[in-house]
Amino acid sequence: MRRPIIAGNWKMYKTPAEAVEFVTRLREATTGLDGVEIVVAPPFPALAPVREVLAGSHIGLAAQNMFWETEGAFTGEVSPVMLAETGCRYVILGHSERRQYFGETDANVNHKVRAALEHGLVPIVCVGESLSEREAGLTEKVVTTQVEQCLAGLSSAAVAGLVIAYEPVWAIGTGRTASPDDAQEVNARIRELIGSLFGADAAALVRIQYGGSVKPDNTRELMSRPDIDGALVGGASLKVESFAGIVRGCEEAAKI
Ligand code: 13P
């Protein structure tokens with residue numbers, strides 16, 4: 001079945017030295033927790049030093065963004081080739097903060113998803129509705145459009161290997177978590193949609209995370225829902241104790 005994946009999105013936190021100290025302790029704190037795939041997504045300058053500490057460990061490396069070109073005159077951007085060579089296996093794409101502050105669109109995300117796949121990176125594709133969209137009853141419509149457009153033109157095999165993160169924007173950094181039932185409902189809809197667009201195998205294999213104020217004390221309930229295959233964690237991924245607690249909670253839920 002699907003192996004749950006807990007990814008820590010550090011956003012713009014931790015210098016390279018802080019990052020190295022953190023993953024050294026995280027490696028210890030999560031030894032033996034192998035029912036869950038663990039990934040950290042540090043800021044770009046910390047990727048190479050963190051990779052050194054994680055070499056040969058059970059913890060994978062992700063970047064938080066990338067551009068779709070391989071190289072060129074694109075000041076300030078980082079390419080999929082560079083990320084792959086730096087040891088990233090995953091790349092978070094289309095996070096709501098990228099959409100909100102940096103103008104990313106579903107079309108941009110689609111371009112990036114294709115480029116990531118071409119270079120052997122696994123995209124973690126973020127989707128989710130805003131508070132006003134939820135209140136207007138538009139959650140399903142918004143998320144459907146995002147999934148359709150971000151994954152447009154992909155093969156079923158490619159979709160099967162993806163990670164999708166459902167992150168309702170109103171739950172990010174607010175302490176307001178979607179209820180396990182609400183998160184399950186949207187994740188199930190996404191899986192159904194993947195089934196109708198890419199076939200039953202892709203739907204059965206694609207991993208769909210939940211993200212938005214995930215903490216050690218709400219992890220177990222969220223992760224015990226059938227269509228929630230892990231979490232994309234912001235704030236609580238910045239402390240070893242809470243991130244390891246989330247990994248533990250997920251592992252316990254997966255064993256139920
Ligand atoms: P919080 O866990 O801080 O709500 O952030 C979620 C998030 O944006 C992860 O990508």
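Just follow the structure's listing: the first ligand is 1, and inside any ligand the first atom is 1.
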Next on the checklist: Does ligand 1 come near enough to Gly235 that some N or O of the ligand is less than 3.5 Å from an N or O of the residue?
Outcome noted: yes

Checklist entry - What do we get for Ala236 next to ligand 1 when only non-hydrogen atoms under 4.0 Å count, side chain, backbone, both or neither? => result neither

Checklist entry - Got a sec: does the CD of Glu221 have more than 12 other heavy atoms crowding it under 6.0 Å? => result no

Checklist entry - Does a donor on one side chain sit under 3.5 Å from an acceptor on the other, for Thr24 and Glu21? => result no

Checklist entry - Is there any N or O on Thr174 that sits under 3.5 Å from an N or O of ligand 1? => result no

Checklist entry - Taking the non-hydrogen atoms of Ala171, is any one of them nearer than 4.0 angstrom to ligand 1? => result yes

Checklist entry - Relative to ligand 1, is Asn9 under 4.0 angstrom through side chain, backbone, both or neither, heavy atoms considered? => result side chain

Next on the checklist: Taking distance alone, with N or O pairs closer than 3.5 Å, would you say Leu232 contacts ligand 1?
Outcome noted: no

Item to check | Heteroatom distance test (Lys11, ligand 1): nitrogen or oxygen, under 3.5 angstrom | outcome: yes

Item to check | Option with minimal heavy-atom separation from atom 4 (O) of ligand 1, where the choices are Gly173, Ala231, Gly234 | outcome: Gly173

Next on the checklist: With a 6.0 Å cut-off (strictly less than), is the heavy-atom count around CG of Asp217, excluding the residue itself, greater than 12?
Outcome noted: yes

Next on the checklist: Please tell me whether Gln146 and Asp106 have a donor and an acceptor in their side chains that are separated by less than 3.5 angstrom.
Outcome noted: no

Item to check | Min heavy-atom dist Gly211 to ligand 1 below 4.0 Å | outcome: no

Next on the checklist: What's the separation between atom CD1 in Ile246 and atom OG1 in Thr30, rounded to the nearest 0.5 Å?
Outcome noted: 13.0 Å

Checklist entry - Do you see a donor-acceptor pair shorter than 3.5 Å between the side chains of Tyr166 and Glu129? => result yes

